[in-house]
Amino acid sequence: MFRRLTPAAKNILIINVAIFCLSSLLRLPLSEIFGLRVFFSSEFTPYQFITYMWLHGGVWHLIGNMIAVLVFAPMLEMVWGSRRFVIFYLVCGIGAGLLYGVADAVEKYPFKSRAEAYLNDPNPDDFYQLAVKAKSVGLSEAYIDFLGELSDSYYKNKDYENRTVEEIRDIYNLVITNGNMIGASGAVFGILFAFAFLFPNTELFLLFPPIPIKAKYLVFFYAMYELYAEFTRTSGDNVAHLAHLSGMLIAFILLKLWGNDTRRFY
């Protein structure tokens, strides 16, 4: 497998692993600077659409994405050439970040508006509404239950007002100002889709369960799972399922465009 590792795929692996190791060993806050923030965050900058895809939140996050690059990317690069493959990888990653960013902003903006209004004029009714909407910004069930209990206490005793203001300010900073997305998953899911699109009947041997399956079925079931997980998202689920699906969508668009004009991007 390593003998057939193509140049661009190898460089993607090296860059991702090197950045992760340097960040971990030197304790560099790279995700805070280069992770993709929500559009209306004061910390958002356009270069994050490129930089977020080279960062990972943990060893298993990195390993999962890089195994996919190792297994599927070389075949695509051998068919397309390095230049086209790199363009494909970057466009899928940037496109996934953009689509995810739009959806993330739409989802979080109502909470942002209510939180800012509450901080300017705290009252029990608005705090209750914020506690109810806390699920929409990815807070855990335990924390949502805590906010519900705090809301009940606030209705009974106005002395809880300062505590509620502190909590909403903390949530605002955590979710709106400092929340970010990192990882190569958008680009990687684009690779998975392209592999299944170009080599649909290639049989892949799964580890769990240990059975062979054609690429087209594996990617189809994976896409269905991501779609299900996005629409049945549970509190505390921090996986960007929409970014995964967005990577597949961008891959589909690119493949259809390139299919109409094979002269481009070589």
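Everything numeric in this text was worked out from a predicted model, so none of it was measured.
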Can any side-chain N or O of [X] pair as donor or acceptor with the backbone N or O of [Y] at less than 3.5 Å?
| X | Y | result |
| --- | --- | --- |
| N16 | I12 | yes |
| N180 | R37 | no |
| S113 | Y109 | yes |
| S24 | C21 | no |
| N120 | E116 | yes |
| N178 | L174 | no |

*Output every pair passing side-chain hydrogen bond (donor to acceptor under 3.5 Å, both in side chains) with a member in residues 60-78, not counting sequence neighbours, ordered by first then second residue.*
T6-E77, H56-N65, N65-S185, E77-S82
Under a 4.5 Å cut-off applied to non-hydrogen side-chain atoms, are [X] and [Y] in contact?
| X | Y | result |
| --- | --- | --- |
| P200 | Y217 | no |
| F85 | L90 | no |
| F20 | V59 | yes |
| E167 | L150 | yes |
| N201 | K216 | yes |

*Indicate the ring-plane relationship of W258 and W80, choosing parallel, tilted or perpendicular according to the 30° and 60° boundaries.*
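Because their plane-to-plane angle is over 60°, the rings of W258 and W80 count as perpendicular.
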*asked:* Can you tell me how the ring of F39 sits relative to the ring of F44, calling it parallel under 30°, perpendicular over 60° and tilted otherwise?
replied: tilted
Working to the nearest 0.5 Å, report the span between [atom1] of [X] and [atom2] of [Y].
| X | Y | atom1 | atom2 | result |
| --- | --- | --- | --- | --- |
| L245 | F193 | CG | CZ | 11.5 Å |
| Q129 | N123 | CD | CG | 10.0 Å |
| I171 | T177 | CD1 | OG1 | 12.5 Å |
| F199 | L204 | CZ | CG | 11.5 Å |
| L242 | E226 | CG | CD | 10.0 Å |
| L98 | L36 | CG | CG | 9.0 Å |

Considering non-hydrogen atoms only, spot the tightest contact between [X] and [Y] and give its length.
| X | Y | result |
| --- | --- | --- |
| P74 | L5 | CG-CD1, 4.1 Å |
| I176 | V38 | O-CG1, 3.1 Å |
| I191 | F88 | N-CE2, 3.9 Å |
| G247 | A96 | N-CB, 3.7 Å |
| C92 | I250 | CA-CG2, 3.8 Å |
| M181 | A243 | SD-CB, 3.8 Å |

Under 4.5 Å between side-chain heavy atoms, hopping through other hydrophobics if needed: is there a path connecting [X] to [Y]?
| X | Y | value |
| --- | --- | --- |
| I211 | F221 | yes |
| V188 | I94 | yes |
| L13 | I19 | yes |
| L22 | I182 | yes |
| V79 | L254 | yes |

Please say whether more than 12 non-hydrogen atoms of neighbouring residues, nucleotides or ligands are located less than 6.0 Å from [atom1] in [X].
| X | atom1 | value |
| --- | --- | --- |
| F197 | CZ | yes |
| K10 | NZ | no |
| Y155 | OH | yes |
| Y225 | OH | no |

*Please step through side-chain hydrogen bond (donor to acceptor under 3.5 Å, both in side chains) for the pair T164 and Y118, ending with a clear verdict.*
CA-CA 10 Å; T164 64; Y118 181 79; 2.6 Å; yes
*What do you reckon, are the aromatic ring centroids of Y143 and F146 less than 6.0 Å apart?*
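Yes - the distance between ring centres of Y143 and F146 falls below the 6.0 Å cut-off.
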*Do Y160 and F127 have ring centres separated by under 6.0 Å?*
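Distance test on ring centres: not under 6.0 Å, no.
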*Applying side-chain contact (heavy atoms from CB on, under 4.5 Å), run through F195 and T202 and close with a yes or a no.*
CA-CA 9 Å; F195 188 92; T202 299; 4.1 Å; yes
*Less than 4.0 Å between a side-chain N and a carboxylate O, is that true for K108 and D104?*
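Salt bridge present between D104 and K108.
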*Contacts of type side-chain hydrogen bond (donor to acceptor under 3.5 Å, both in side chains), residue Q48, not counting sequence neighbours*: T45
*Can a cation-pi geometry be assigned to K112 and Y172, taking NZ or CZ under 6.0 Å from the six-membered ring centre and within 45° of the ring axis?*
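Judged by the rule (NZ or CZ under 6.0 Å from the ring centre, within 45° of its axis), K112 is not positioned above Y172.
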*Under the side-chain contact (heavy atoms from CB on, under 4.5 Å) criterion, do I15 and W54 qualify, and how do the steps go?*
CA-CA 8 Å; I15 292 170; W54 303 98; 3.6 Å; yes
